[in-house]
Amino acid sequence: MTTIFPLRDFVTGLTGLYERGLSATAIQHEGSGLLRQLVSRDDWLPEPFTRPHPDRYSQYLLHCDPMERFSVVSFVWGAGQKTPLHDHRVWGLIGMLRGRESETQFVRDAGGRFHATETTFLEPGQVAFLTPGINDYHLVANALSDQTSISIHVYGDNIGGVSRATYDMQTGAEKNFISGYSNDEVPNLWDRSRRVEAA
């Protein structure tokens, strides 16, 4: 049976890091452990936030901090789907919940052109970091050609409202965008009457 309480515990834990007055770097570091714990099990994500779109990846908002200090989203990738080369402009964490994801990092040269540096793969339970100015340019894809993959992303802002950019890999041309979200409703984390604990 699906139960939402691991996500509630994650949100509560991450909020607590902010309440301690930690730096963004410390929140990202300690938050990675919380995210690793969240994606160590695959029984909590409600089905409406696992549905792939036939033509493009989906970004479902799971929670946004009331002060917009952080947001949690599920990225759902249909078979073979991928992003364009893009940035984030805020810190991020990626936790792999289901399937397999590839990430190709890019660096920008003095002329504004992009060059791929390495491609890595995320397996269920693993967590990766994104940090502006260090590794913020990347292209992400579902590494599986025959099934859906799902990753849980955490960002140091309301990522659906952040002005970001995609880039042409050949020319470096920049196109601004604000991603928004694929869903109109978010999961109810706070109804404890339907709480189901792990056996």
Side-chain angles (χ1 to χ4, degrees), residues 10-11 13-39 57 59-75 77 81-97 100-123 125-143 149 151-181:
F10 173 79
V11 165
L14 197 62
T15 302
L17 300 183
Y18 281 90
E19 297 305 310
R20 287 166 53 193
L22 299 180
S23 68
T25 300
I27 289 170
Q28 185 183 32
H29 177 74
E30 292 199 30
S32 69
L34 297 174
L35 182 58
R36 192 170 289 109
Q37 182 177 359
L38 179 64
V39 297
Y57 66 88
Q59 177 178 266
Y60 294 109
L61 177 65
L62 302 179
H63 179 78
C64 185
D65 171 69
M67 302 298 291
E68 298 186 280
R69 297 172 297 183
F70 69 90
S71 52
V72 185
V73 300
S74 65
F75 266 77
W77 311 87
Q81 291 177 347
K82 64 181 180 180
T83 69
L85 172 60
H86 66 282
D87 64 17
H88 307 85
R89 304 183 184 184
V90 298
W91 66 260
L93 295 167
I94 304 171
M96 201 67 207
L97 184 70
R100 190 175 196 230
E101 189 175 282
S102 68
E103 177 191 26
T104 303
Q105 289 283 338
F106 289 79
V107 295
R108 199 172 195 178
D109 65 25
R113 296 177 187 273
F114 287 91
H115 307 277
T117 57
E118 66 173 340
T119 297
T120 56
F121 295 88
L122 271 185
E123 308 290 346
Q126 295 180 331
V127 172
F129 289 69
L130 295 170
T131 305
I134 297 176
N135 67 335
D136 197 38
Y137 300 117
H138 72 174
L139 186 155
V140 183
N142 185 350
S149 291
S151 51
I152 305 301
H153 297 214
V154 183
Y155 297 102
D157 205 322
N158 173 9
I159 195 63
V162 174
S163 180
R164 302 188 283 149
T166 60
Y167 300 89
D168 184 292
M169 284 186 281
Q170 303 303 316
T171 67
E174 180 175 330
K175 181 179 180 182
N176 291 327
F177 77 102
I178 296 175
S179 67
Y181 297 110

Is the shortest heavy-atom distance from the side chain of D157 to the side chain of W91 under 4.5 Å?
no

Kindly indicate, with the supporting measurements, whether the criterion side chain to side chain contact (heavy atoms under 4.5 Å, CB included) is fulfilled by I27 and L14.
CA-CA 8 Å; I27 289 170; L14 197 62; 4.2 Å; yes

Where do L17 and G31 come nearest, in terms of heavy atoms and distance?
CD1-N, 3.6 Å

May I ask you to check whether over 12 heavy atoms, not counting those of Q37, lie within 6.0 Å of atom CD?
no

If you define the side chain from C-beta out and look only at heavy atoms, does anything of H153 sit under 4.5 Å from L130?
no

Any heavy-atom pair between the side chains of R108 and R113 that's under 4.5 Å?
no

With side chain to side chain donor-acceptor pair (under 3.5 Å) as the test, would you mind laying out the steps for Y57 and N142 before giving the verdict?
CA-CA 9 Å; Y57 66 88; N142 185 350; over 6 Å; no

Which label fits F114 and Y167: parallel for a plane angle under 30°, tilted from 30 to 60°, or perpendicular past 60°?
tilted

Work out which heavy atom in I94 is nearest to a heavy atom in S151; give both atom names and the distance.
CG2-CB, 4.1 Å

Could you tell me which non-hydrogen atom of S71 sits nearest to which non-hydrogen atom of N158, and how far apart they are?
OG-CA, 3.8 Å

Minimal non-hydrogen separation, A165 against E174, with atom names
CB-CG, 3.4 Å

Name the orientation class of the two ring planes belonging to H88 and H86 (parallel below 30°, tilted from 30 to 60°, perpendicular beyond 60°).
perpendicular

Can you tell me if D87 uses its side chain to pair, donor with acceptor, with the backbone of R89 under 3.5 Å?
no

Compare all side-chain heavy atoms of L62 with those of V73 and state whether any distance is below 4.5 angstrom.
no

Would you mind reporting whether L93 and Q28 have side-chain heavy atoms less than 4.5 Å apart?
yes

Please report whether the ring centroid of F70 lies less than 6.0 Å from that of Y18.
yes

Donor-acceptor pair, T83 side chain versus V140 backbone, under 3.5 Å?
yes

Hey, are the side chains of E103 and L122 touching, using non-hydrogen atoms and a 4.5 Å cut-off?
no

Heavy atoms, side chains only, cut-off 4.5 Å: are R69 and T15 in contact?
yes

